Every structure is written in C-alpha cells, then in structure tokens.
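First up is the structure itself, then whatever we jot down about it.
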Amino acid sequence: MRYAETGFNLEIDLSRGNIERVATDPKDTELYLGGLGTNAKILWDRVPPEVDAFSPDNLLIFSAGLLCGTPATGCNRTIVSTMSPQTKLMAFSMMGGFWAPELKYAGYDKVILRGKSPDLVYIWIHNDQVEIRDASHLAGKGAIETAELIKQELREPKAQVAAIGLAGENRVFYASIEQGRSSASRGGIGAVMGDKKVKAIVVRGTNDINIAQPAEFIGLCNEVLEYIKYREEHPIPGVMPILAGLGSPQEMKVHDEKWHTENFMWGNSRVRRKGFWNDEIAENWKETLESARTRLISCFNCPMKCGATISMPGLPTYMMKCFTKLTYTMGAFSDLDFGLRIAQRATEYGVDGFSTPQVMAFALELYENGILTDDDFPGMPEDNEGRFYWLLDRIVRREGIGDVLADGTYWAAKAIGKGAEEYAHNTIKKHEQLPLKLSMLNPIYFLMYSTGEKINITQIEGQFPQAPFPKREQREEFVKDWIQVPDEKFKQYFLDWEPRGENSMPYYPTVPMVCDIVDWQEMMHYIDDALGQCAGLSSFPLKPPYHIHNYPKFISAGAGIDMDEDSLTQAARRYRTLVRAINIRRGMRRADEKPPADHWKKRFPELEAKLLDEYYKLKGWNKEGIPTQEALHKLGLDYVSRDFIERGILTEGEEASVPEDSEKKE
Amino acid sequence: MDTVNGEKKKKIIKTIKIDVDKCNGCRACEVICSAFHAEPKYSSNNPARSRIKVIRDPLRDIYIPVYAGEYTVAECAGRDKYIIDGKEYDECAFCRASCPSREDFKEPDSGLPLKCDMCEGEDEPLCVKWCLADALIYEEREEEVEEEETLEELEVGLESLASKYGLQELKEALARLSQQG
Ligand code: SF4
Ligand code: SF4
Ligand code: SF4
C-alpha cells in the first residue's frame, strides 16, 4: 500500500483525447518526495530543451504535494510545473485553496497534460471516471464565472475547479490559473493551459488517503496546531505586524498600509512616496476594505484565513489574498477602491497581480515619453484609471498594442525598440519583480534575487529576520526559543548582526554566513513545494510550526519513508539541483542571475561576485552556476552529468568546485 | 423534587454551538472527524466519510457546518429553502439527516449512514478541538429528565423501526440481540 500519496498519475494526451491512469515508482518518491520534486524529474526526463512553451510536447503538470490530503494542517498546495513562455525556463508556480487535496481523494497525485486539444475543453475528474468535455460554451468566460458554470452543469457543488480566463485562452505570457481563493500566477502557466486549449480541470474525490503510522502522525499534527495557537498569542516583537505572525502576509486583515505604500514603488516601479500615508487615507482605505470584505477565508485544513471574499458595489464577488490588494492601486497611482475594482476584472481574466499592473504602467510611461504614441492607443480614455481598464482589456484580447504588451515588459520592450528597454527595468530572468528600489545592498537579498529559480522573492525568503534588531537584548530574546534553526550557528549570526558599525551590511553577515542563510531559506521553500505545504506556515514566516526538525518525522510517519534531517536535506538538494539542471540545459547561466540593476543604489560589484562564487561552490555548482559532475554524482544525478557532457555543457572530468566544507556535510 | 412517577434521572446534554459567522470554510473539522473514525484510528482520512459537513459557497457567503444526525428511510415530502439576511440557503441545508435525497452522511463506498457520535471516548469532540476559528463550541449541561420520557422516546424509536422493517422482523432481531446479550 502507498501512504500519503496515491501512487497514481493521470496522463492525458490532449491531441489524441487519450486518458491513462499510470502507477508511479515508489523509488521516485524516496528520491524526489513529490510535488515539485517529482515534477522536476518528469520534466527533465520528458521535455528536452528544444521544446518551447507552446509546443505540443511541452507538459503541463498539476501536482498535489506528497502530504496533501493528510491531516497535516495547511498542506494543500497544487504545484503547477511547465516551461514558461516568458522566461523560457521551468515555471513552478503553485496555488493554495482546495484543489490538491481533492485530487488526492479522487485517487491521483498528478495530472500530466501533453499535446494540444483541437477545441476548447475541460477535464472532469470524478474518482475513477475521467472525461474530456466540450468547453466551447465557456470560451471567453471569466475564470470564476467558469468555475460556477461548470459546477452547475455537472451538479457538483463540491467539485474544485482550476480554470483560466480570457488571458490564458489568448496566451498572455503572465496569465494565471485561478482556483477560488487562490491562483497559480507566476511564469505564465495559464498561457500554457490556454495553448493546450484546456479551459478548466474539475475534480471531485471521495476516496481515502492512508497514513503509515497513524498515532505518530496525528500526534505531530496536534503539536503543529498547538504551536500555531502559541504563535497567534505570541507575535514576534520588534518586527512589523505582517512579519510578526503566521500565514501568508495578512493583507486582507490589516488596514495599516504605511509600510507598503511608502516603501514599495508606485507606477512602473519608479516613485517612492514617503509621507503618503496619512489619517485621511487610512480612514478612507479602511472603509473601502471593510465594506468590500465579506469574510476572511482559509484554504483547505488551515486556520489562518489569509484570503477574503470581496464584493465591490455593482461588481460580482471574487476572492483575493496577499499583495494583489495594492499592486493595481500603486501601479496606477490610485486608491484602494480602484485597486479592488480592477482586481475583480483581472481575476476573471486570470492574470498575475504582480506583472500586470507593471506592464500597464510601463506602457503609459512609454507613452508619456513619446516612445509609444497616440497611434498605439486609439480610443484610450483620458482619465488615468480608465486607461488601466482600457489597457487590461486590450492585453487579455491581444488587440493592437495589447498584443505586444501581453508578452510582458521584457519582450514588449524588445519588440517596441526605440529605447523602450530602459523602461523594462524591473525584471529578473525576463519576469517582472516586486516593485522595490532600495539604497544599500543587502547581501542576503542579493543572493536570493540572483539565484532564486522560482523568480519571486517571496518564494525564497523567510526564516532569517529581514533586518538586524537594534539592541542585543532584543536579539538574545529572539534566539531564545528559535527552535527552527538547522544549526546553532544561525543564532550566533543573528546575535552579532548590528544595524550599524563593523557588523552591519553589506559586509556582515559575511559571505559564508550569507551563503548558509540563503541555502537554509531556499531549502525550506523547496521542501514545502514537494510536500504541498503552504509557505505561510513554514518557509515564509519567522518561527513557523513546520521546520527541518519535524518535517522528517512527518514524512516518515505520513508516507512511510524513512527520513531524517540529513536524508531530507539531501533529497531537497537533489531536486533543487534538478530544477537548476533543467534551466541550465535551457541556457540559463551566471549572466542571467542578477537583480534589476537599479534595485539598490549602492552596489558592491566585487562583493557581489564573491557572493555568487561562494554560493555556487556551496551548492556544488561551477563558476557559471552549472552543477558539477562531482556534485551531481553525490546526489545520484549521474544521468544529468551524462546529458550535460553529451551536450557539451560540462566536459568529462572537469575540475570540480565542491568546497571541503560541503564534503563534510554529506 | 417530586413527580407523579417518582424518579427523575440526570442526563448530560452535549451541545455544539455553531457560530457560522466565524467559520472560514477550511474543513479541518471534516478532516479530523474522518481520520478519527478510520479503522484503525487515524490510519486514513477522507472528508467524504466525515460526520460533519461544511456547506461552503464563498461567492454567496454561505458557510454551514452540519452534523450528521439520524438515518431516514424516506426523504421529506416538501423541501424548504431559507432566506436569512438576504442569503438564500439551499433546500435541506440545515438538515442533519442521512437521507436518500443526497449523498451527504453516507459512507462513500457502502452507502451506510453516518452519524456523529460526539467522538466517543475523547475528552472533547475533535472537530471542536481542530476548529481554531472557534466556529464550533462545545457545551455540556446536566438536565433532569423523567424516565417516562425516555421510555416514550424508545417507543417512538421502536415504532419507526417497526414501520421500516416490519414488526415481525423487529421482534426476531430483538430476540437475537437478547440472546447475545
Ligand atoms: S496559511 Fe493562509 S495561505 Fe497558507 S494555507 Fe493557510 S489560509 Fe492558505
Ligand atoms: S474547522 Fe471550523 S472554521 Fe473550519 S470549516 Fe470547520 S467549522 Fe468552519
Ligand atoms: S463530534 Fe466527533 S463524530 Fe461528531 S462530527 Fe465532530 S469529530 Fe465527528
């Protein structure tokens, strides 16, 4: 019997309309866990680098994490993996909500789509009955609207629906997949779904998920719940409210947006508005949110209620979470009322809340500077807000200038030329980033921005405080119950970290310390993405209930795979390296690993080079960021070396650059 | 206290107060209920087997945790819809019955009825324990009841069984039971 996982994937060939239920190899679970890990293995094996995002040979994988559907609190992520049309690299966005557990109860760990359907369809998975159904009547419908219509036509109110809107159908490079209160938005995976002509995947399941060691497992779950209660009662002192508690940033709950509105950039990630937040705005925005928000809502089996249902007068209800609350507002220099209104339309269209407002602000900046002209915007309204709606409508339909903008700022700037590239200034690996521009280089963030392959800072940061605490006593207090550290040395790193003086940024934490910190933070995200655990209870917040010390126990008791901290660390390193290998094979190199040039004013090129060098070494990658033969061998990834050597990416016996330090760790 | 029939008995009334305004729709209650009732305990999990069901419709802001009550042979002749605060609740929304009209409160494979047993053997109902939102609050109170009432209840129960299975079959079943007992 298989535990925690079902042991079956659904393989669907859309070109031929063929559906197969395929048993998976339990050995793969041991090596790559599940979710992102096994997705990466499948993509490595089956999608060669010549295959681009919109090729029928590209795969689109919807995977539940290894522990989704078990009673582990907050374990509900669907990890969607494919090749991105925008970055041309592997995209592995994920979504919370209810879809992944339902897939498990239906009897599958993954749905693997290949080929392309000739006509628009949706997939209906009801336990062992799986159908490809006509979706022509749903063409052009909003993502949420689609979910409602399908549930009605199937008479299945309990079914969970992951759907695309018009943006996905028209292959907008930053189209999302929407699922009730959640969405998988980054990397343009909605465009791949649209390219495959799949409007939605609908799931309903009523089967059991088995647990290997029931008493131990439920004991661990109860400990997590107790710790959540404890953390709710003991927010971390000395950090801003959204970093003090657990969960995804509680944007639907908080009213005080002084920090975001005054520290993040407005418009095309350009303008910092110090002194923006005042009593009148605070009052006004509070009223907007209070009257729009019907209820705070959670994902499956989680008490944190990070999302909300939003009903703006005159508009259909939708659901929201996190920072989309402010991205449109700030992109358009507008207010919260506008932000929540346009987000309703954007959610139905199914677009990424980070990229979209930036692309629109970028277009208007080009217009103001004469690079785009009136001819490019025929019929665009005069008023600022009206222009954003107008642009959004054009983008998702790929009409006129919208067709160019639908590829994102990087590709749009290339197509427009005339110096437009200067304005596409906020991308990493061709993907729009959080609108942040700061003064002094932060070495930890430098490394995370540069090397994070999920290409969103929130998906690599967490665990280690973002800034030093002013007083030593505060730091001592903080480390007292810091049980989550993988090694006591992290406490010392933090204790000695001062806001000013010798032990301050950019030279403290020192290069080796920075490498350790980033490695730890990244590892926790990778583990979450394999298990299906929400980062909000694990890798993202400070002092979370899940960490490297209890995760191995969860895996052992839940999935019946013998795990300790070392073997879990090793497994995470293995599939993390595999993700890198996929991207390396697709051409990614050191030169691609850099934050936007204007991210910090004060830069330190020598230090930055050293940070990359040392971090690469720690990871077992050479100077170009390519995993070495020796490092691959240690991870049992000789098949990757062989492929690299065949392709001339590595040469046989090449000088390996694995430091002694990491040898010892093995 | 005196009564005509003499004796009064103490009875613990177990109540779960459901504050639907606090429900966030997470279904943790379903998860733990189905895990607890697995054989062996916690060895599997499947919300479809839960004895509490959350009727959840976020777009209409409807969240109703409903507990599985009695099994019923026949569905109701008429169906009611409630409108509360402008929200229309589906017919049967608040009903606890395991009833032929719907798939709720039945084992998904065998179709056998499910009924909340208040987590027999546990200190408190586990759905309550796992609902950190405090949408489910457990209360116990003592009530004095006349023994006659219990008898009446028993009679009602027997009558319904007799109507369902026939009196003869019921007699035989009782005879079998008393032999075993
Ligand atoms: S912490 Fe928030 S986002 Fe994460 S699973 Fe819970 S409710 Fe969802
Ligand atoms: S656990 Fe509580 S909040 Fe969650 S669905 Fe059940 S009753 Fe609602
Ligand atoms: S009280 Fe126990 S049996 Fe009843 S619904 Fe709650 S968890 Fe299930």
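In this text, all values refer to a predicted model and were calculated from it rather than measured experimentally. Lettering follows sequence order; numbering is per chain, from 1.
Contact of A:Glu102 with chain B is made through the side chain alone, with heavy-atom distances under 4.5 Å. If you measure heavy-atom distances from B:Ala133 to chain A, you find no contacts under 4.5 Å at all. In this structure, no portion of A:Phe217 lies under 4.5 Å from any heavy atom of chain B. With a 4.5 angstrom heavy-atom cutoff, A:Ile228 touches chain B only via side-chain atoms. If you measure heavy-atom distances from A:Phe300 to chain B, the contacts under 4.5 Å come from both the backbone and the side chain. Neither the backbone nor the side chain of B:Asp134 comes within less than 4.5 Å of any heavy atom in chain A. Within the 4.5 angstrom heavy-atom criterion, atoms from both the backbone and the side chain of B:Pro58 approach chain A. Heavy-atom distances place the side chain of A:Glu148, and not its backbone, under 4.5 Å from chain B. With a 4.5 angstrom heavy-atom cutoff, A:Thr206 touches chain B via backbone and side-chain atoms both. If you measure heavy-atom distances from A:Ser311 to chain B, you find no contacts under 4.5 Å at all. Contacts of B:Arg49 with chain A are made by side-chain atoms alone, with heavy-atom separations under 4.5 Å and no backbone atom involved.
With chain A as the partner, the residue from B:Gly25, B:Ala28, B:Cys26, B:Ala48 showing the most heavy-atom pairs under 4.5 Å is B:Cys26. Most heavy-atom pairs under 4.5 Å with chain A, from the set B:Pro108, B:Ala38, B:Ser43: that is B:Ser43. Ranked by heavy-atom pairs under 4.5 Å with chain B, the first of A:Ile144, A:Leu225, A:Thr294 is A:Leu225. Between chain A and the options B:Ala35, B:Cys23, B:Cys131, the largest number of non-hydrogen pairs under 4.5 Å is found for B:Cys23. Among A:Pro71, A:Ala4, A:Ala215, the residue with the largest count of heavy-atom pairs under 4.5 Å with chain B is A:Pro71.
Looking at B:Asn46, its side chain never comes within 3.5 Å of a backbone N or O of A:Tyr105 through a donor-acceptor pair.
The local environment of OH in B:Tyr82 is sparse, with at most 12 non-hydrogen atoms from other residues, nucleotides or ligands closer than 6.0 Å. Annotation: A:Glu290, atom CD; neighbour count of heavy atoms from other residues, nucleotides and ligands within 6.0 Å is above 12. The number of heavy atoms from other shown groups lying within 6.0 Å of NZ (B:Lys87) is above 12. For A:Gln129, the CD atom is loosely surrounded, since the number of other residues' heavy atoms within 6.0 Å does not exceed 12. More than 12 non-hydrogen atoms from other residues, nucleotides or ligands lie less than 6.0 angstrom from NZ of B:Lys106.
Note that CG of A:Leu296 is 8.5 Å distant from CG of B:Asn24, once rounded to the nearest 0.5 Å. In this structure, A:Met319 CE and B:Leu59 CG are separated by 4.0 Å, a value rounded to the nearest 0.5 Å. Taken from CZ in B:Arg56 to CZ in A:Phe98, the straight-line distance is 3.5 Å, to the nearest 0.5 Å. Atoms OG and CE, on B:Ser44 and A:Met1 in that order, are 8.5 Å from each other to the nearest 0.5 Å.
Taking the side chain as every heavy atom from C-beta outward, A:Asn222 and B:Lys129 approach each other to under 4.5 Å.
For the side chain to side chain contact (heavy atoms under 4.5 Å, CB included) with B:Tyr42, the qualifying choice from A:Ile211, A:Thr70, A:Ile218 is A:Ile218, the only one to do so.
Salt-bridge annotation for B:Glu30 and A:Lys158: absent, with no side-chain N of the basic residue lying under 4.0 Å from a carboxylate O of the acidic one.
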